[in-house]
Amino acid sequence: MKHRPKTVPIADGPREAWVWCLMAGISPEVATEQYGFGWAENVQRVVVPIYEDGRDTGAFVARSLNKHRPPKYIASASAAGKNWQSLDGHDTVVIVEDILSAISVSRAGFGSIAAMGTAFDQSFLSKLSHCKDVVAWLDPDAGGDKGFRSLRKASGLWDMQLHRVRSTKDPKYHTSAQIRQYVRGVKGEIYD
């Protein structure tokens, strides 16, 4: 897509758009007001702006909620090299595969960046080069394993600690307390 489709607030969209946001613990109102989500009737997708540290980059992804309407995601022409991220001011940064998971991790109090998959190019890796403590929370499948090996190899020369969370669900399906428990657990931190 070249231009962002016209949207209405998620609360004014179909029930499926509400459910998609609510499954990640984000109300339709917060999805629109805080994160800029909208429902695009003409393309039958949720439009999700790509924010980098709270700034709308102008890029977006459009998410299909109908399995009979592939592909799952369509990215705008300007999305290349951009990732939804909240990195500023965080000691720990968590790499996840999708934007809703990045938002969930950010709401749990950690820095986060959505890789939009498990391929990590130099543009993506350069965003992490200043990070000292990185946690990869990738799917527990062949793609996630391959992505983690690639990430570990690419980051080998950096002065950073790299950890991996393994869970059967994406961060977006966990509460903030559960996300904190997983991330702190892989870092070896124990809290009473």
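Predicted model only: the values in this text are computed from it and were never measured.
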Hey, are Trp39 and Glu41 close enough side-chain-wise for a donor-acceptor pair under 3.5 Å? yes
Rounded to the nearest 0.5 Å, how far apart are CH2 of Trp20 and CG of Leu100? 4.0 Å
Hey, does Ile179 have a side-chain heavy atom less than 4.5 Å from the side chain of Ser104? yes
Ignoring hydrogens, what is the shortest heavy-atom contact between Ala40 and Pro5? Give both atom names and the distance. CB-CB, 3.8 Å
Between Phe120 and Ala115, the two heavy atoms sitting closest are CE2-CB, 3.6 Å
Under 4.5 Å between side-chain heavy atoms, counting indirect links through other Ile/Leu/Val/Met/Phe/Trp/Tyr residues: same cluster for Val165 and Val105 or not? yes
When rounded to the nearest 0.5 angstrom, what distance separates NE2 in His90 from OG in Ser106? 5.5 Å
Of all the heavy-atom pairs spanning Val186 and His163, show the shortest one and how long it is. O-ND1, 3.4 Å
Go through the steps for Asp139 and Arg166 under the test salt bridge (charged side-chain N to carboxylate O under 4.0 Å, His left out), then give the verdict. CA-CA 7 Å; Asp139 290 349; Arg166 286 186 171 273; over 6 Å; no
Taking the side chain as everything from C-beta on, heavy atoms only, tell me whether Ile95 gets closer than 4.5 Å to Leu128. yes
Is atom CD of Glu29 surrounded by more than 12 heavy atoms (other residues, nucleotides or ligands) closer than 6.0 Å? yes
Taking Asp88 for the side chain and Asp53 for the main chain, is one N or O donor matched with an acceptor at less than 3.5 Å? no
Min side-chain heavy-atom separation Leu151-Leu125 under 4.5 Å: yes
I'd like to know whether Asn42 forms a side-chain hydrogen bond (donor to acceptor under 3.5 Å, both in side chains) with Lys6, so could you lay out the CA-CA distance, the side-chain angles of the two residues, the decisive distance to 0.1 Å, and finally the verdict. CA-CA 8 Å; Asn42 63 329; Lys6 182 180 178 195; over 6 Å; no
Is there a path of hydrophobic side-chain contacts, each under 4.5 Å between heavy atoms, that joins Val30 and Met23? no
Of the non-hydrogen atoms in Pro171 and Val96, which two are nearest, and what is the gap between them? CG-CG1, 3.8 Å
Please find the pair of heavy atoms, one from Ala59 and one from Ser78, that lie closest to each other, and give the distance. CA-OG, 3.4 Å
For the side chain of Thr57 and the backbone of Ile50, is there at least one donor-acceptor N/O pair under 3.5 Å apart? yes
Heavy-atom check, side chain of Trp84 versus side chain of Val61, under 4.5 Å: no
Tell me if the centroids of the rings in Tyr182 and His174 come within less than 6.0 Å of each other. yes
Between Thr118 and Lys146: side-chain donor-acceptor atoms closer than 3.5 Å: no
Evaluate the side-chain proximity of Phe148 to Leu162: yes if any heavy-atom separation is below 4.5 Å, no if none is. yes
Are the side chains of Arg63 and Arg45 in contact, using a 4.5 Å heavy-atom criterion? no
Are Tyr73 and Ile99 connected in a single hydrophobic cluster, I mean Ile/Leu/Val/Met/Phe/Trp/Tyr linked by side-chain heavy atoms less than 4.5 Å apart? yes
Donor-acceptor pair, side chain of Lys127 and main chain of Ser123, under 3.5 angstrom: no
Look up atom OH in Tyr35 and atom SG in Cys21, then write down how far apart they are to the nearest 0.5 Å. 11.0 Å
Under 4.5 Å between side-chain heavy atoms, hopping through other hydrophobics if needed: is there a path connecting Val47 to Val19? no
Hey, quick one: are Met160 and Phe124 part of the same hydrophobic cluster, counting side-chain heavy atoms closer than 4.5 Å, chains of contacts allowed? yes
Student check: side-chain heavy atoms of Pro28 and Phe37 closer than 4.5 Å: no
With rounding to the nearest 0.5 angstrom, report the OG1 to OH distance, Thr168 to Tyr173. 12.0 Å
Kindly give the heavy-atom pair with the smallest separation between Ala17 and Val46, and that separation in Å. CB-CG2, 4.0 Å
Do Asp91 and Asp133 have side-chain heavy atoms sitting under 4.5 Å apart? no
Trp137 vs Ser101, side-chain hydrogen bond (donor to acceptor under 3.5 Å, both in side chains): CA-CA, chis, key distance, verdict: CA-CA 9 Å; Trp137 193 330; Ser101 290; over 6 Å; no
Kindly compute the distance separating OG (Ser64) from CD1 (Ile74), expressed to the nearest 0.5 Å. 8.0 Å
Atom pair CG (Asp98) and NZ (Lys172), whose distance is rounded to the nearest 0.5 Å: 3.5 Å
Heavy-atom count check: over 12 atoms from other residues, nucleotides or ligands less than 6.0 Å from Lys187 NZ? yes
Ignoring hydrogens and geometry, is there a side-chain-to-backbone donor-acceptor pair from Thr32 to Ile10 under 3.5 Å? yes
So, the side chain of Gln178 versus the backbone of Thr175: is there a donor-acceptor pair under 3.5 Å, distance only? yes
